[in-house]
Each structure stands twice: as structure tokens, then as C-alpha cells.
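Report on the structure given below.
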Amino acid sequence: SAQALAQPLTAIDMSDRGDPSRAEAILYSTQPPGRDQRAMIDSVRQVLADIAPQVNVVFSLAPSPHNTWKYWLDVVVETTTGALFHGGSEPKDLPYPGKAKGKGGGSLPDLFYLAAEHAKIHLKQQLGSGAAVEVHLADQLILPASLAAGTSRLLVGELSQHSRTAIHVAQLLVPEVVIREEQRGKLTMLEIDGVAHDPPHADAGAAATPSPQAAGRLTAAASAPTAANEEVLQLPPGSLSRAKPEMLREFMNDMQVLSGD
């Protein structure tokens, strides 16, 4: 079961990418950078200067065990229509104290410069595609859009396997949802007619009733007790037992996202 919604979701329109308006970068390190902090920030700002008119870069000390020596960064670009695109780097080893190049392979400003260049490559690819939804975000929007009231429109690049699996999971959980795909050159316009699922309310008791649009198979499971703020949805027989392993992995991931775990 997952924590119930407080009110019906609203459909979203992400059909226009817009133009990059600002970039926000956060530099993370598990150890204080000392005198290198300003140079780190300046080096990353230099890399990202041409990705958006406004570039903000800050440093954040990441909490960790005392003997952990790692660094990484996250970059989010926002467009004029509110679309968000993410790029980043995986945690890597910091230089050890007293060693100019250390295990990390260079000074902190140099390491963050390279990390920013790596993130920029992915961001440039995504922004250059013309899509309004970042490739790693698209699959996470499909199930919520299926429950929303109205038609959500997502302009995406080529649908990934994650997105294909998310569509399959949404159609299992919300059989009444209607999902359409329209090719627009190398892009895909994904339109999702949500079922306007009406969430249960605390004063309605555990046996809350879905809206008529969401009725169908969105029935509360009578076999297990549920709290007033939870819902249990019955899947068609065999939906999971006959599913492919990759679909099951995506299903578990979607359930964790919805439950907030």
C-alpha cells in the first residue's frame, strides 16, 4: 500500500521545452574544501557559463562517516516554460591530505571542472533534442499522470525501456487510462488521459470509494485491513507473476516513488 493523496492530481502540460533560463549547480564533498572552495565554484561556473544566461553555483558539505573521502556535483537547468533538466557526476575519491593529486587524480578545482564538463555533455544532449521532459524524468511522470484529472502532455525524446515499462505498469494499475503516442520527428508527444482518481479522505473511513471514472478495477481490496489514509488496488490475476524481470524492477521502483520511501 502507499500513502494516499490529499486531493486529486492535476494534469500537467510539458509539451514546450522553452529556452534555458538558469542553471543551479551544487558541489558536494564529504570533507571541508578549505581554501579551494572559491576556486571550485569559479571553475564550475566557467564550464556552465554558456548553458544558461544565469548560473548559480554553491558548495554543500555532505554528511558522512569521518573516513569517507568523496566528491560529486548536481546541475539542474530550468527553462522559460518551467521544464527541468538534470546532469551530474557519480561520487569519486577526493585527494588525500598532503597530496596534490592524491587518489582523486587532481586538485579540487580541477576535479570539479572535469565533473562539470561530464554533466554538461548530458545536459547539452537533452537540451539539444528539443524534448520538454528529461529522459530520466519521463518514466516517473507516467503513473501519476494516469491518476490525474485531465490530459497530461509530455514531449519526450525516444521512449526509453524505463518509460515503456512505466506505461505497462500504469495500464495494469489503472486499466481505464488512455495513453497515446504521436511521433514528431525524433521526438514523441505522449498524451495521457488520466482517470481523475478521487483519493480517500480520513473522515470517509478505510473503505473509501473511487470516483465513477476510476471505478473499474480500482477497487479496494477487502482481504486486508487498511488505514483511512491508505489504498490497496487489486491487480488483474497474473499481472506480476507472469511479468518480465525488468518490468518487475520498474514496478517496485514506481511503488517506492509513490510511497515516498
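FYI, the numbering just counts along the sequence from 1. Both backbone and side-chain heavy atoms feed into the values below; hydrogens, waters and symmetry mates do not.
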Where do L94 and Y71 come nearest, in terms of heavy atoms and distance?
CD2-CB, 3.6 Å
Closest non-hydrogen atom pair between M40 and F112, with its separation:
CE-CE1, 3.5 Å
Atom pair CZ/CD1 of R153 and I12 - distance to nearest 0.5 Å
12.0 Å
Does S29 reach the main-chain N or O of P32 with its side chain, forming a donor-acceptor pair under 3.5 Å?
no
Audit row: T188, Q183, side chain to side chain donor-acceptor pair (under 3.5 Å) steps and yes/no
CA-CA 5 Å; T188 301; Q183 287 301 125; 2.9 Å; yes
Between E181 and R164 (salt bridge meaning N to carboxylate O under 4.0 Å), is one present in this structure?
yes
Counting only heavy atoms not in E158 (residues, nucleotides, ligands), do more than 12 fall under 6.0 Å from its CD?
no
Checking salt bridge (Lys or Arg N to Asp or Glu O under 4.0 Å) for the pair R180/E182: CA distance, chi angles, key distance, verdict?
CA-CA 7 Å; R180 296 180 297 276; E182 178 188 340; over 6 Å; no
Linking I/L/V/M/F/W/Y whenever their side-chain heavy atoms sit closer than 4.5 Å, directly or via other members, would L155 and F85 fall into one cluster?
no
Establish whether V169 and V177 are linked, either directly or via other cluster members, by ILVMFWY side-chain heavy-atom contacts under 4.5 Å.
yes
Ignoring hydrogens and geometry, is there a side-chain-to-backbone donor-acceptor pair from T80 to D19 under 3.5 Å?
yes
Spell out, yes or no, whether L190 and L9 are grouped together once hydrophobic residues are joined by side-chain heavy atoms under 4.5 Å, including indirect joins.
yes
Measuring from E24:CD to N56:CG, what's the distance to the nearest 0.5 Å?
4.0 Å
State the CG-OG1 distance between L61 and T30, to the nearest 0.5 angstrom.
7.5 Å
With rounding to the nearest 0.5 angstrom, report the NZ to CG distance, K92 to L114.
8.0 Å
According to a 4.5 Å side-chain heavy-atom criterion applied to Ile, Leu, Val, Met, Phe, Trp and Tyr, with indirect links allowed, do Y28 and W69 form part of one hydrophobic cluster?
no
Donor-acceptor pairs under 3.5 angstrom involving side-chain atoms of residues 128-137: please list them, not counting sequence neighbours.
| unit_1 | atom_1 | unit_2 | atom_2 | d |
| --- | --- | --- | --- | --- |
| S129 | OG | Q126 | O | 2.7 |
| S129 | OG | A131 | N | 3.2 |
| E134 | OE1 | H136 | N | 2.8 |
| E134 | OE1 | L137 | N | 3.4 |
| E134 | OE2 | H122 | NE2 | 2.8 |
| E134 | OE2 | H136 | ND1 | 3.2 |

Hey, mind stepping through L27 and F59 against side chain to side chain contact (heavy atoms under 4.5 Å, CB included) and telling me if it holds?
CA-CA 5 Å; L27 318 184; F59 170 77; 4.2 Å; yes
So how far is it from L159 CG to I142 CD1, rounded to the nearest 0.5 Å?
7.0 Å
Nearest heavy-atom approach of A49 to V55 is CA-CG2, 4.3 Å
Minimum heavy-atom distance S60-I26, with the two atoms named:
CB-CG2, 3.9 Å
Close side-chain approach of S163 to V156, heavy-atom, < 4.5 Å
no
Hydrophobic cluster membership, L48 vs V76, 4.5 Å side-chain cutoff:
no
Just so I know, are the side chains of I51 and V75 near enough to count as touching, which here means a heavy-atom distance under 4.5 Å?
no
Please check: side-chain N/O of Q54 versus main-chain N/O of S21, any donor-acceptor pairing under 3.5 Å?
no
CE (M189) and CG (L154) are apart, to the nearest 0.5 Å, by 8.5 Å
Closest non-hydrogen atom pair between L108 and P95, with its separation:
CD2-CD, 4.2 Å
For the residue pair R17 and L127, establish whether any side-chain heavy-atom pair is separated by less than 4.5 Å.
yes
Backbone N/O of L73 and side chain of S89: donor-acceptor pair under 3.5 Å
yes
Just so I know, are the side chains of L143 and V174 near enough to count as touching, which here means a heavy-atom distance under 4.5 Å?
yes
Nearest heavy-atom neighbours spanning D16 and T81
O-OG1, 2.8 Å
